[in-house]
Trainee: 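Please see the structure below; I have some questions.
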2 protein chains.
Amino acid sequence: MATIRDVAKLAAVSVATVSRVLNNNGYVNKETKEKVQQAIQLLQYEPNTMAKGLAGKKTETLALVLPDISNPFFSEVARAVEDVAQLYGYTVVLCNTDSDTDKEQTYIQVMKRRYVDGMLFASNTLRAADVLMLNKANIPLVVLDRAPANVPCLVVRSKNNEGAKLAIRHLLDTGCRRIAHIYGPQETATGKERLIGYEEAVRSFPWYSPTLMEPGQFSIQGGMAAAEKLMERHPDIDGIFAGNDLMALGALKKLQQLGIPVPGRVSLIGFDGIELTRITEPELSTIAQPIYEIGATATRLLIKKIEGVQLENETYECEVELMARGSTRGNAEAGR
Amino acid sequence: MATIRDVAKLAAVSVATVSRVLNNNGYVNKETKEKVQQAIQLLQYEPNTMAKGLAGKKTETLALVLPDISNPFFSEVARAVEDVAQLYGYTVVLCNTDSDTDKEQTYIQVMKRRYVDGMLFASNTLRAADVLMLNKANIPLVVLDRAPANVPCLVVRSKNNEGAKLAIRHLLDTGCRRIAHIYGPQETATGKERLIGYEEAVRSFPWYSPTLMEPGQFSIQGGMAAAEKLMERHPDIDGIFAGNDLMALGALKKLQQLGIPVPGRVSLIGFDGIELTRITEPELSTIAQPIYEIGATATRLLIKKIEGVQLENETYECEVELMARGSTRGNAEAGR
DNA sequence: CTGAAAGCGCTTACAG
DNA sequence: CTGAAAGCGCTTACAG
């Protein structure tokens, strides 16, 4: 492998000059530049990223920390992150935490010693101490969904509460009169906020009861189990709002197994807008977040921060959108 | 950030000694070792990975090149790769190629200059020249599914031909008498081999016709379109073998939209065994590859190669397994 | 506009 | 068992 020294020798200049044309900074005479570029061509020279990183204090690497890449929501986010990163010349390192605090700690340490230029957190276990530590280590940070309390940091998130209310209004509008909720883990901001949105939207109704709420761990299995319990407990339920699409998918499957027509007898709506909502028959109505946009925006913000743009430590809230499809009444023919 | 120098000073030894205890190589007196470890503790010292990489010629980084992380098959693979890598102290860099040769070339260059310790290719566009180049650059390589012709390299793959035949046999066993095939891109090994397996299994039947084969691009959309065409062209089809699960999922959706009972009138089977095959009702029968195992095995082999273990450039073939579930006849109650 | 030199934070023979 | 020193391949003030 050719080094910058070889190029310098061949072009009969100093390594400093080669470095200048390489990075396009500092003045360099046009002819000199051409000589250097020819040498680079000839030697097929490619700069060593590590040496560059060590000398220049930049690695052009981003760490993406998420619970599980095989969860379709996060793989869509990851795709967006990598696309944008690639556009700006950054490389993405993948970290699966399984929402396990220990694993997350390990990764934070590992990424710190790798001197990643920035971190993107889409995991729920980030604590205030971690944020502080990263600040101290001078590693820019963008958090998805949830900021630890009392520490300033950049957050990109969706309007969960509003989305939940949108879901309930849609179910009411399409004739539902007894609406249950399958909720996600209450340690997560998304799980909690959507549950609160549901409660706020329905608690004034005479039919409201806490027994209309059932946890589903944000998973397909959890959604199936929750739907089964709910229908057993309240056979007159005619609408279900699931806190994410995975649980809604599980609920749909269970309802179909039980022979309960969707949306004929029970309307069903999820939250997130992952691609999978389109693979079932009927297609799943959902409150869609702009998943790709969230990942892309977060990455752009992170890169800006890395490149020294002063950003307020604010929260970027993304709009959510009702996708009325086959699984809610009046939309059986929609989305085809 | 403390450096190795700070540690050396505090422990009153040389940096060489610190390096030795850090890497646990070379002799070092027990008491000295303890002194050093205490200093490390005190200073909260963490070695700089880049400096280590530059000096030691190792980055402990693996590049994972795949078409698209948001494809569930690849996100399952990625999860396995990262798990194993993490276990051995390696970090994984993500590269989405969209099966685009240009993007792939770019990534190969970028990863080369980053001096990744090894590459895992799960993309179909790898060419013989690339393999040779990586060999020359001394970057160990493991390929998933497909090896370019005429160049030695390590390949991990599944028994596609055999799997296709297993699928056809299952359809025949459960009473199908006219079986169609939705096939994947013929530039891919998987797409091609499964199509060949299908042809070999059915061509001796009197009902066989080339018009029973329809391309579906390995996608849900493609699967839907293909299923529609097939049923229009041959309304008497009573079994469909799709070359992957995504296309099978698309076919299932289309059949349900058309009001064609599955498996009542048409039995359906996919290939891959992704998790999504369980979310539909009926669940999808499929020829399962051990996806996680494939990713894990490939990563272990790659790490062995990196660590200097001599490996034959052979092909590791994984077994496939018939998962008979609700979408094929006689299994309507299976898998619940 | 260009070069010499120091330095980034490690590892690794080589002496001792 | 331990240290001095060279070197990994770059960048970046500092002179000129």
Side-chain angles (χ1 to χ4, degrees), chain A residues 1-37 39-40 43-61 89 110 112-117 137-138 307-308, chain B residues 1-37 39-40 43-61 89 110 112-117 137-138 307-308:
Chain A
M1 288 273 202
T3 72
I4 197 173
R5 186 157 250 127
D6 300 325
V7 176
K9 202 167 294 172
L10 184 58
V13 298
S14 74
V15 295
T17 301
V18 178
S19 176
R20 284 189 200 100
V21 348
L22 241 31
N23 298 292
N24 225 320
N25 67 6
Y27 300 89
V28 40
N29 179 26
K30 208 180 160 193
E31 289 170 27
T32 316
K33 191 171 180 176
E34 276 166 15
K35 263 197 313 186
V36 171
Q37 281 167 336
I40 289 175
L43 294 173
Q44 304 236 47
Y45 168 71
E46 292 174 28
N48 177 323
T49 314
M50 256 176 312
K52 187 170 172 170
L54 183 57
K57 308 274 162 223
K58 286 209 50 178
T59 55
E60 266 137 24
T61 300
V110 171
K112 203 173 126 200
R113 358 180 218 249
R114 281 188 186 260
Y115 284 68
V116 294
D117 289 339
N138 217 355
E307 294 180 345
Chain B
M1 288 273 201
T3 71
I4 197 172
R5 185 157 250 125
D6 301 325
V7 176
K9 203 167 293 171
L10 184 59
V13 297
S14 73
V15 296
T17 301
V18 178
S19 177
R20 284 189 200 100
V21 348
L22 242 31
N23 298 292
N24 225 318
N25 67 8
Y27 300 89
V28 39
N29 178 26
K30 209 180 157 191
E31 289 169 27
T32 316
K33 191 171 179 176
E34 277 166 15
K35 262 198 312 185
V36 171
Q37 282 167 336
I40 290 175
L43 295 173
Q44 303 237 48
Y45 168 72
E46 293 174 30
N48 178 323
T49 314
M50 255 177 311
K52 187 169 171 170
L54 183 58
K57 306 278 164 219
K58 284 210 49 177
T59 55
E60 266 137 25
T61 299
V110 172
K112 203 174 127 198
R113 356 181 220 250
R114 281 188 186 261
Y115 284 66
V116 295
D117 290 338
N138 217 353
E307 295 181 344

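Protein chains get the first letters and strands the later ones, always in sequence-line order, with residue 1 at the start of each.
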Trainee: Can you work out whether Ala16(B) or Ile4(A) has the more 5'-proximal nearest nucleotide on DNA chain D?
Mentor: Ala16(B)

Trainee: So which heavy atom on Val116(B) is nearest to which on Thr59(B), and how close?
Mentor: CA-OG1, 3.6 Å

Trainee: Does atom NZ (Lys58(B)) have a neighbourhood of more than 12 heavy atoms from anything else shown, all under 6.0 Å?
Mentor: yes

Trainee: Figure out the CD/P separation between Glu60(A) and dT11(D), and round it to whole Å.
Mentor: 10 Å

Trainee: Please give, in whole Å, the distance from dG9(C) C1' to Lys58(B) NZ?
Mentor: 19 Å

Trainee: Kindly point out which of dT11(C), dC1(C), dT2(D) is positioned nearest to the side chain of Lys52(B)?
Mentor: dT11(C)

Trainee: Any base atoms under 4.0 Å from Thr49(A), or only sugar-phosphate, or nothing? Heavy atoms, all strands.
Mentor: nothing

Trainee: Taking only side-chain nitrogens and oxygens of Ser19(A), does any of them come within less than 4.0 Å of OP1 or OP2 of dT11(D)?
Mentor: yes

Trainee: On DNA chain D, check which nucleotide each of Ala51(B) and Val15(B) is closest to and give me the residue with the more 5' one.
Mentor: Val15(B)

Trainee: Is any side-chain N or O of Arg113(B) under 3.5 Å from a base N or O of dG9(D), one able to act as donor and the other as acceptor?
Mentor: no

Trainee: Taking only side-chain N and O atoms of Thr3(A), does any of them lie within less than 4.0 angstrom of OP1 or OP2 on dG9(D)?
Mentor: no

Trainee: Please report, rounded to the nearest Å, how far the C1' atom of dT11(C) is from the CZ atom of Arg5(B).
Mentor: 13 Å

Trainee: Measure CG/Leu54(B) against P/dT11(C) and give the value in whole Å, please.
Mentor: 11 Å

Trainee: Rounded to the Å, how far apart are Met50(A) CE and dG7(D) C1'?
Mentor: 14 Å

Trainee: Kindly say if Thr32(A) contacts the phosphate of dT2(C), meaning a side-chain N or O under 4.0 Å from OP1 or OP2.
Mentor: yes

Trainee: Categorize Tyr115(A) for me: base, sugar-phosphate, or nothing, with a 4.0 angstrom heavy-atom threshold over every strand shown.
Mentor: nothing

Trainee: Checking contacts here: which listed nucleotide (dG3(D), dC8(C), dT12(C)) is nearest the side-chain heavy atoms of Ala55(A)?
Mentor: dC8(C)

Trainee: Runs of at least three consecutive Watson-Crick or G-U pairs, both distances under 3.5 Å, are what I'm after; which ones involve DNA chain C?
Mentor: C:1-3 with D:14-16, C:5-12 with D:5-12, C:14-16 with D:1-3

Trainee: On the nucleotide dC8(D), are OP1 or OP2 found under 4.0 Å from the side-chain N or O atoms that Asn48(A) carries?
Mentor: no

Trainee: Identify the heavy atoms of Arg113(B) and Pro47(A) that sit nearest to each other, and give their distance.
Mentor: CB-O, 3.1 Å

Trainee: Looking at dG3(C), I'd like to know if its phosphate oxygens (OP1 or OP2) sit under 4.0 Å from a side-chain N or O belonging to Thr17(A).
Mentor: yes

Trainee: Minimum heavy-atom separation for Val28(A) to Thr32(A), with atom names?
Mentor: CG2-CB, 4.2 Å

Trainee: Might you work through the side chain to side chain contact (heavy atoms under 4.5 Å, CB included) test for Lys35(A) and Val13(A), ending with a clear yes or no?
Mentor: CA-CA 9 Å; Lys35(A) 263 197 313 186; Val13(A) 298; 4.2 Å; yes

Trainee: If I take atom NZ in residue Lys9(B) and atom P in nucleotide dT2(D), what distance separates them, rounded to the nearest angstrom?
Mentor: 20 Å

Trainee: Can you tell me how far P of dG9(C) sits from NZ of Lys57(B), to the nearest Å?
Mentor: 18 Å

Trainee: Heavy atoms only: give me the nearest Ile4(B)-Tyr45(B) pair and the separation to one decimal.
Mentor: N-CE1, 3.4 Å

Trainee: Might you work through the side chain to side chain contact (heavy atoms under 4.5 Å, CB included) test for Leu22(A) and Lys52(A), ending with a clear yes or no?
Mentor: CA-CA 11 Å; Leu22(A) 241 31; Lys52(A) 187 170 172 170; over 6 Å; no

Trainee: Could you give the CG-to-P distance, from Leu22(B) to dT11(C), as a whole number of Å?
Mentor: 6 Å

Trainee: Under 4.0 Å between a side-chain N or O of Tyr27(A) and OP1 or OP2 of dG3(C)?
Mentor: no

Trainee: Show the nearest heavy-atom pair for residues Arg114(A) and Thr61(B), with the distance to one decimal.
Mentor: NH1-OG1, 2.9 Å

